[in-house]
Visitor: 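Pasting a structure here, questions to come.
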There are 2 protein chains.
Amino acid sequence: MAESAEDPFDNWTVQARKGVLELCILNALERQERYGYELVKTLGALPGLGVTEGTIYPLLSRLRAQGLVTTRLEQSVEGPMRKYYALTPTGRASVGPMNGYISDLLSACREIRRRPSSHDHLDPLR
Amino acid sequence: MAESAEDPFDNWTVQARKGVLELCILNALERQERYGYELVKTLGALPGLGVTEGTIYPLLSRLRAQGLVTTRLEQSVEGPMRKYYALTPTGRASVGPMNGYISDLLSACREIRRRPSSHDHLDPLR
DNA sequence: GTCTGGTACCTTGCATAACAAGGTACTGAT
DNA sequence: ATCAGTACCTTGTTATGCAAGGTACCAGAC
């Protein structure tokens with residue numbers, strides 16, 4: 001035990017993926033439907049996004065429960081049935097605002113670096 | 001009770017902040033030290049980042065525990081003591097990679113939209 | 001026949017983080 | 001004395017990513 005304190009950077013990247021990953025999937029579905037395993041392989045291959053089935057499948061279920069995607073089963077000639085995911089109108093309407101939110105967040109994150117001080121605190125003693 | 005299912009978008013933004021918020025603080029400290037309450041007010045005022053004390057203070061403690069920041073107490077002429085936070089060398093060395101990681105993540109997130117299919121699956125029946 | 005490996009789906013349990021709500025304490029004005 | 005503003009901190013809830021494990025289908029090797 002006591003192997004909890006991993007590399008702080010690795011630990012941070014896990015948190016940084018939250019939310020972004022969901023957006024990745026919605027973006028991936030914007031132009032075409034895709035099946036789960038395809039998303040696992042596609043997203044897992046992206047550098048910095050070493051994502052696995054244990055992450056993707058629960059996320060897809062959540063998106064369906066929220067009404068952002070619909071699913072459709074289809075036979076495959078080379079294996080089990082595939083479950084294709086496609087955006088609903090609600091899902092399609094969400095992608096834009098979500099991309100905008102993340103962009104704004106990052107802009108603010110960068111801009112804050114060059115902000116001297118919000119309320120210009122009277123310089124503290126001396 | 002049973003007020004669990006809030007607005008999915010609001011819920012998502014909470015998750016999207018994870019990690020980014022930590023980076024915001026490190027960026028804010030890159031050019032100058034700041035005290036906790038100042039960060040609460042500065043970050044809380046940013047649009048889309050309605051962040052409060054319950055979020056910032058635990059985060060700052062975590063950063064100190066990880067050795068990314070140091071603290072220094074200082075008397076204030078108008079209230080209780082202020083705890084100033086400053087980057088350590090380790091912290092300073094982390095800011096660049098973290099900004100890079102987030103940028104790459106977002107780039108991948110956008111690029112995935114125009115990717116036809118990763119392994120060009122033989123078109124399924126018909 | 002039965003193994004092995006690839007495809008394809010799903011669930012459980014753990015660690016981590018944001019946030020609301022609440023708590024403490026110092027200062028100056030009404 | 002009471003209130004508001006400054007300034008710090010903690011606890012409990014909820015939501016997420018992910019490793020690990022499980023099921024099932026198919027094709028080719030043995």
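Convention: sequence-line order gives letters A, B, ...; per-chain numbering from 1.
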Visitor: Measure CE/B:Met81 against P/D:dG5 and give the value in whole Å, please.
Guide: 24 Å

Visitor: Please compare B:Leu59 and A:Tyr85 by the position of their nearest nucleotide in DNA chain C and report the one closer to 5'.
Guide: A:Tyr85

Visitor: For A:Asn27, enumerate each residue passing the side chain to side chain donor-acceptor pair (under 3.5 Å) test, keeping only those at least two apart in sequence or located in another chain.
Guide: A:Asn99, B:Arg113

Visitor: Using a heavy-atom cut-off of 4.0 Å across all strands, would you classify A:Lys83 as base, sugar-phosphate, or nothing?
Guide: sugar-phosphate

Visitor: To the nearest angstrom, how far is A:Leu73 atom CG from D:dA24 atom C1'?
Guide: 14 Å

Visitor: Is A:Leu73 isolated, or which residues cluster with it under the ILVMFWY side-chain rule of less than 4.5 Å, directly or via members?
Guide: A:Met81

Visitor: Taking the nucleotide of DNA chain D with the closest heavy atom to each, which residue, B:Arg64 or A:Gln15, is nearer the 5' end?
Guide: B:Arg64

Visitor: Does the side chain of B:Tyr57 get closer than 4.0 angstrom to OP1 or OP2 of D:dC9 through an N or O atom?
Guide: no

Visitor: What distance do A:Thr42 atom OG1 and A:Ile56 atom CD1 have between them, rounded to the nearest 0.5 Å?
Guide: 9.5 Å

Visitor: Just the rounded figure in Å: distance from C1' of C:dA18 to CH2 of B:Trp12.
Guide: 15 Å

Visitor: Say you draw a straight line from CG of A:Leu39 to SG of A:Cys24; how long is it, rounded to the nearest 0.5 Å?
Guide: 10.5 Å

Visitor: Could you pull out all residues at least two apart from B:Ala65 that satisfy side chain to side chain contact (heavy atoms under 4.5 Å, CB included)?
Guide: none

Visitor: Got a sec? Which of residues 93-102 of chain B come in under 4.0 Å of DNA chain D, heavy atoms?
Guide: none

Visitor: Could you tell me how far apart A:Glu74 (CD) and C:dA8 (C1') are, to the nearest whole angstrom?
Guide: 14 Å

Visitor: Rounded off to whole Å, could you give me the CZ-to-P distance for the B:Arg72 and D:dA7 pair?
Guide: 14 Å

Visitor: Taking for each residue the nucleotide of DNA chain D bearing the nearest heavy atom, is the 5' side occupied by A:Gly19 or by B:Gly36?
Guide: B:Gly36

Visitor: Figure out the CG/P separation between A:Leu23 and D:dT16, and round it to whole Å.
Guide: 14 Å

Visitor: Just to confirm, is there a sub-4.0 Å distance from OP1 or OP2 of D:dG5 to any side-chain nitrogen or oxygen of B:Lys41?
Guide: no

Visitor: Can you pull out every side-chain hydrogen bond (donor to acceptor under 3.5 Å, both in side chains) where at least one residue sits in residues 54-64 of chain A? Sequence neighbours excluded, please.
Guide: A:Arg64-A:Thr71

Visitor: Using side-chain heavy atoms (C-beta onward) and a distance below 4.5 Å, is A:Leu87 in contact with A:Leu68?
Guide: no

Visitor: Run the side-chain donor-acceptor check on residues 12-21 of chain A: report pairs under 3.5 Å with partners two or more places apart or on a different chain.
Guide:
residue	atom	partner	partner atom	Å
A:Trp12	NE1	B:Gly19	O	3.0
A:Thr13	OG1	A:Asp10	O	2.6
A:Thr13	OG1	A:Arg17	NH2	3.4
A:Arg17	NH1	A:Gly48	O	2.8
A:Arg17	NH1	B:Tyr101	OH	2.5

Visitor: Counting side-chain heavy atoms from C-beta on, which of D:dG17, D:dC8, C:dA8 comes nearest to A:Arg62?
Guide: D:dG17

Visitor: Which letter, B, S or -, goes with each nucleotide of nucleotides 19-30 of chain C from 5' to 3', with contact meaning a protein heavy atom under 4.0 Å?
Guide: BBB---BB----

Visitor: Excluding sequence neighbours, so at least two apart, what forms side chain to side chain contact (heavy atoms under 4.5 Å, CB included) with A:Ala86?
Guide: A:Glu33, A:Thr70

Visitor: For B:Glu22 and C:dT16, give me the distance from atom CD to atom C1', rounded to whole Å.
Guide: 11 Å

Visitor: Looking at B:Tyr35, does any N or O in its side chain come under 4.0 Å of the phosphate oxygens OP1/OP2 on D:dC8?
Guide: no

Visitor: Does the side chain of A:Tyr37 get closer than 4.0 angstrom to OP1 or OP2 of C:dT7 through an N or O atom?
Guide: yes

Visitor: Between A:Asn11 (CG) and C:dC14 (C1'), how many Å, whole number?
Guide: 13 Å

Visitor: Measuring from atom CD of B:Glu111 to atom CG of B:Leu106, what distance do you get when rounded to the nearest 0.5 angstrom?
Guide: 12.5 Å

